[in-house]
Amino acid sequence: MEKNTHVDLVVIGAGPGGYAAAFRAADLGKDVLLVEKDETLGGVCLNRGCIPSKALLHISKAISETKDLSMAGVSFDKVKIDIQKVKKYKDRIVSQLNKGISSLANARKVNVLKGQAKFKSNTELTIRVGKEAKKVTFEKCIIASGSTAATIPGLPKNNDKVLTSRTALELKHIPKRLLVIGGGVIGLELGQVYSSLGSEVSVVEYLPGLIPGADPDMVKPLQKKLESQFKTIKVSTKVTKVESNSDGGFTVSLEGQEKTETKKFDSVLISVGRKPNTDLLNLSATDIDINEKGFIVVDVYQRTKVKNIFAIGDITGNPMLAHKATHEGKVAAEVSCGVSSAMDARVIPSVVYTNPEVAWVGLTEKEAKEKGVKYEKGEFPWAASGKAIILNAEQGKTKVLFDPESKKILGAAIVGPSAGDLISEACLAIEMGADAEDIGLTVHPHPTLGETFAAAAEVYTKTITDLYIPSKGVK
Ligand code: FAD
């Protein structure tokens, strides 16, 4: 690439938002430059997020399932874990997908530049490639620079036993006693991975419950499972100090509602949220607005205050999820290419890929109560599902919320194996404006967990036959 270049569109960051934006714009005929500071494409999601964590959770689930099978008369020897092979398995998946993205970029003739982008003005970037600085002027720019793990003050510095999600996924060592600070999605997923790999895991959460975004009744089966796997789970508890010990471990001070205590751990994993990657961008050279938390402010067209600059994905704030980044990336690409498009997705689903999985979409009961939104619900306990009983997943549940007037679906939540896959049907139902009858009268295959979605709607319409609810049925 020339030292000074002018492009139609430059995309900063090749995560799931950035590469989707670059590819869509290239397909629409634009000359696209995709700038990425990492060695590989795919961003956090592929290199140190969704994919490696789910690869490890797959192992964790398989271990748990083999244990469950003992009640069906099938037993296995004690699990033997070769951590180097586990690492190789995870790295191979990541690298296979890295190559896939690179070949998709090549096929579309997207120009990929490995370098770090920084704004000089509303129409110009400086890109540092090694020791060289390149000047790129652009017609349009899409910022997709993502986010990084947030931290808490007072942690021991330069200590590789203080883990973030990124270093935890590298599996450099499996500590005997691990403290996970933060009982949100990432903390619980990685806690379950380390527990399966042999660590004694404790979790501390500042808020009164785990997974604060989900309804507590949907988190309960997960919490029960984690209580049997983890050493302790403390909620409404604050970590006030983490001190290094001479034996290489840590003494952690915990302040609960009733007592303050200190506990010893061999490693701590910080999973207390994520912060936007704005620090390298030099946004002060532009007229882009950021909010009080540092995320870039955008409109429904993913436009920043500067009309030729768009922003997508984690850098624009919650929900910080790969599928939201990808969807926004396509919208930004289309708008920047003059195609009529907007971020008008009715809902964005959330999934916790633990065992059991927890997934929800649209309105939750918690949110409805906080906002005073009227709703009615249908709930189907998986104890009445043949497939769930086969899978030893009787603790699962499917819950669907409906508008009392129109009977249209407002939201849904599922807890149990494959909840993350099952929730897609609820997403489609919400997007299509389905009502309870549409869902209940859709014939679902038997025996499947998918049936529980229709069954929850039938509980609501009082047409369910798989349960006996002593109230008047409807004709
Ligand atoms: P990122 O994926 O963060 O990519 C941004 C890219 O921009 C990075 O590659 C970065 O190097 C590059 N960059 C930054 N600044 C510059 C610059 N100045 N110049 C050039 N390049 C730059 N989400 C899900 O939906 N499902 C999951 O299961 C899931 N699991 C997760 C597990 C973990 C452990 C973590 C940490 C996250 C997980 N997420 C999950 C969240 C998901 O990874 C993010 O929402 C998603 O990656 C955001 O995509 P993005 O394109 O906005 O940014």
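Residue indices begin at 1 and follow the sequence shown. In this text the structure is predicted, and so the values were computed from the model without any measurement. We count ligands from 1, going down the list as the structure has it; atoms in each ligand are counted the same way.
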Heavy atoms only, cut-off 4.0 Å: how does [X] contact ligand 1, side chain, backbone, both, or neither?
| X | value |
| --- | --- |
| S147 | backbone |
| N47 | neither |
| I12 | side chain |
| K324 | neither |

Got a sec, which residues hit side-chain contact (heavy atoms from CB on, under 4.5 Å) with S165, two or more places apart in sequence or on another chain? I186, L190, R274
Applying side chain to side chain contact (heavy atoms under 4.5 Å, CB included) to S244 and F250, what does each step give before you reach the verdict? CA-CA 5 Å; S244 304; F250 304 94; 4.1 Å; yes
Verify, without hydrogens or angle tests, whether S271 (side chain) and I181 (backbone) share a donor-acceptor contact under 3.5 angstrom. yes
Show the numbers, then the answer: is there a side chain to side chain contact (heavy atoms under 4.5 Å, CB included) between K366 and W360? CA-CA 12 Å; K366 200 167 151 184; W360 66 100; over 6 Å; no
Sidechain N-carboxylate O distance under 4.0 Å for D217, K397: yes
Are any of the side-chain nitrogens in D266 or K161 under 4.0 Å away from the carboxylate oxygens of its partner? no
Are any of the N/O atoms in [X] less than 3.5 Å from those in ligand 1?
| X | result |
| --- | --- |
| K37 | yes |
| L321 | yes |
| Q116 | no |
| C45 | yes |
| Y353 | no |
| G49 | no |
| E36 | yes |
| L169 | no |

Which residue and non-hydrogen atom of the protein lie closest to [atom], and at what distance in Å?
| atom | value |
| --- | --- |
| atom 40 (C) of ligand 1 | C50 SG, 3.2 Å |
| atom 1 (P) of ligand 1 | V44 N, 3.7 Å |
| atom 15 (N) of ligand 1 | S145 CB, 3.4 Å |
| atom 46 (C) of ligand 1 | P16 CG, 3.8 Å |
| atom 19 (N) of ligand 1 | A117 N, 2.9 Å |
| atom 30 (N) of ligand 1 | K54 NZ, 3.1 Å |
| atom 41 (C) of ligand 1 | M320 O, 3.7 Å |
| atom 36 (C) of ligand 1 | R274 NH1, 3.3 Å |

May I ask whether [X] has any heavy atom positioned less than 4.0 angstrom from an atom of ligand 1?
| X | result |
| --- | --- |
| K118 | no |
| I315 | no |
| G115 | yes |

From [atom1] ([X]) to [atom2] ([Y]), nearest 0.5 Å:
| X | Y | atom1 | atom2 | value |
| --- | --- | --- | --- | --- |
| F230 | Y194 | CZ | OH | 12.5 Å |
| I143 | N277 | CD1 | CG | 11.5 Å |
| H173 | L178 | NE2 | CG | 8.5 Å |

Taking only heavy atoms of [X], which atoms of ligand 1 are found under 4.0 Å from at least one of them?
| X | result |
| --- | --- |
| G15 | 2 (O), 4 (O), 51 (O) |
| S53 | 32 (C) |
| G313 | 52 (O) |
| D38 | 9 (O), 11 (O) |
| L281 | 18 (N) |
| G17 | 51 (O) |

Without hydrogens or angle criteria, can the side chains of [X] and [Y] be said to hold a donor-acceptor pair below 3.5 Å?
| X | Y | answer |
| --- | --- | --- |
| D31 | N111 | no |
| K324 | T316 | yes |
| S64 | K225 | yes |
| N308 | N122 | no |

Would K399 and D215 count as a side chain to side chain contact (heavy atoms under 4.5 Å, CB included) if you check the C-alpha gap in whole Å, the side-chain angles of each, and the deciding distance to 0.1 Å? CA-CA 10 Å; K399 173 167 85 174; D215 280 337; 2.8 Å; yes
Contacts of type ring pair (Phe, Tyr, Trp, His ring centres under 6.0 Å), residue Y19, not counting sequence neighbours: F23
Stepwise side chain to side chain contact (heavy atoms under 4.5 Å, CB included) check, T354 with E189: CA-CA 5 Å; T354 41; E189 286 184 358; 4.1 Å; yes
Considering only heavy atoms, which of [options] lies nearest to [atom]?
| atom | options | value |
| --- | --- | --- |
| atom 24 (C) of ligand 1 | S350, G187, S271, A322 | A322 |
| atom 5 (C) of ligand 1 | G13, S165, A144 | A144 |
| atom 37 (C) of ligand 1 | D279, D314, I186 | I186 |

Does any part of the side chain of V86, heavy atoms only, come nearer than 4.5 Å to the side chain of I81, both counted from C-beta? yes
Is there a side-chain contact between W382 and I414 (heavy atoms, below 4.5 Å)? yes
